[in-house]
Amino acid sequence: MPPDRGGDSPSREGQGESGERREVIFEYIPIGGSVKVTAVDVTTGLEVSVIGPSIAAQSELERVAVQKLRYMLEKKKNESTVPGKDDSEPPGSAGGGIVV
């Protein structure tokens, strides 16, 4: 793994699809010949992870992680604005899966 990927990376700002600036913190964890990149949106605390080859460029791994983070932020935003959705139901009561 290249030396510039050890531990936490300083936070960086990226631009969301709506044009707003977002601060993102990256963490790199080597796993064999791969590296797990975790991106955390500072404003919401939303965290996503991607895994890529350890020989991939840091900028490329960050780009993929930010793209996934933007997707999840947009998905979360759309879920909260779905009309008729009742959030009072307990998780798992809508069917599908096993509640333990």
Side-chain angles (χ1 to χ4, degrees):
M1 184 161 84
D4 62 343
R5 283 204 205 124
D8 289 340
S9 171
S11 62
R12 298 178 194 216
E13 288 188 9
Q15 193 164 1
E17 294 196 11
S18 61
E20 79 241 21
R21 303 288 294 173
R22 293 194 158 298
E23 187 175 8
V24 178
I25 298 173
F26 296 96
E27 178 183 38
Y28 302 88
I29 301 171
I31 305 172
S34 302
V35 62
K36 177 180 175 183
V37 180
T38 302
V40 181
D41 179 67
V42 174
T43 305
T44 63
L46 184 64
E47 179 178 312
V48 299
S49 296
V50 296
I51 297 178
S54 61
I55 61 170
Q58 180 176 353
S59 60
E60 183 64 13
L61 292 170
E62 287 181 3
R63 184 191 65 77
V64 172
V66 167
Q67 185 176 10
K68 184 175 181 179
L69 185 60
R70 285 181 184 154
Y71 169 78
M72 293 303 294
L73 285 166
E74 189 65 29
K75 183 177 176 183
K76 187 175 179 183
K77 183 176 92 173
N78 289 339
E79 286 177 355
S80 66
T81 60
V82 173
K85 183 177 178 188
D86 184 12
D87 290 335
S88 63
E89 294 181 26
S93 64
I98 300 173
V99 178
V100 180

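Each residue takes its place number in the sequence, starting with 1.
A pairwise comparison of heavy atoms in V50 and A65 identifies CG2-CB, 3.9 Å as the closest pair. Residues P53 and L61 come closest through the heavy atom pair O-CD1, 4.2 Å.
E47 meets the side chain to side chain donor-acceptor pair (under 3.5 Å) test with no other residue; sequence neighbours excluded. Partners of V48 according to the side chain to side chain contact (heavy atoms under 4.5 Å, CB included) rule, which considers only residues two or more places apart in sequence or in another chain, are A39, K68, L69, M72. Applying the side chain to side chain contact (heavy atoms under 4.5 Å, CB included) test to K76 and every residue at least two apart in sequence or in another chain returns nothing. For the side chain to side chain donor-acceptor pair (under 3.5 Å) test, no residue two or more places apart in sequence or in another chain qualifies with T43.
Sorted by first then second residue, the salt bridge (charged side-chain N to carboxylate O under 4.0 Å, His left out) pairs that include residues 49-60, not counting sequence neighbours, are E60-R63. Every pair passing salt bridge (charged side-chain N to carboxylate O under 4.0 Å, His left out) that includes a residue from residues 35-45 is listed here, sequence neighbours excluded: R22-D41.
In this structure, S54 contributes its side chain and G33 its backbone to a donor-acceptor pair below 3.5 Å.
Residues Q58 and Y28 meet the side-chain proximity criterion, which asks for heavy atoms closer than 4.5 Å. The shortest distance between side-chain heavy atoms of R70 and E74 does not fall below 4.5 Å.
Residues I51 and V64 fall into different hydrophobic clusters, defined by Ile, Leu, Val, Met, Phe, Trp and Tyr side chains chained together at heavy-atom separations under 4.5 Å.
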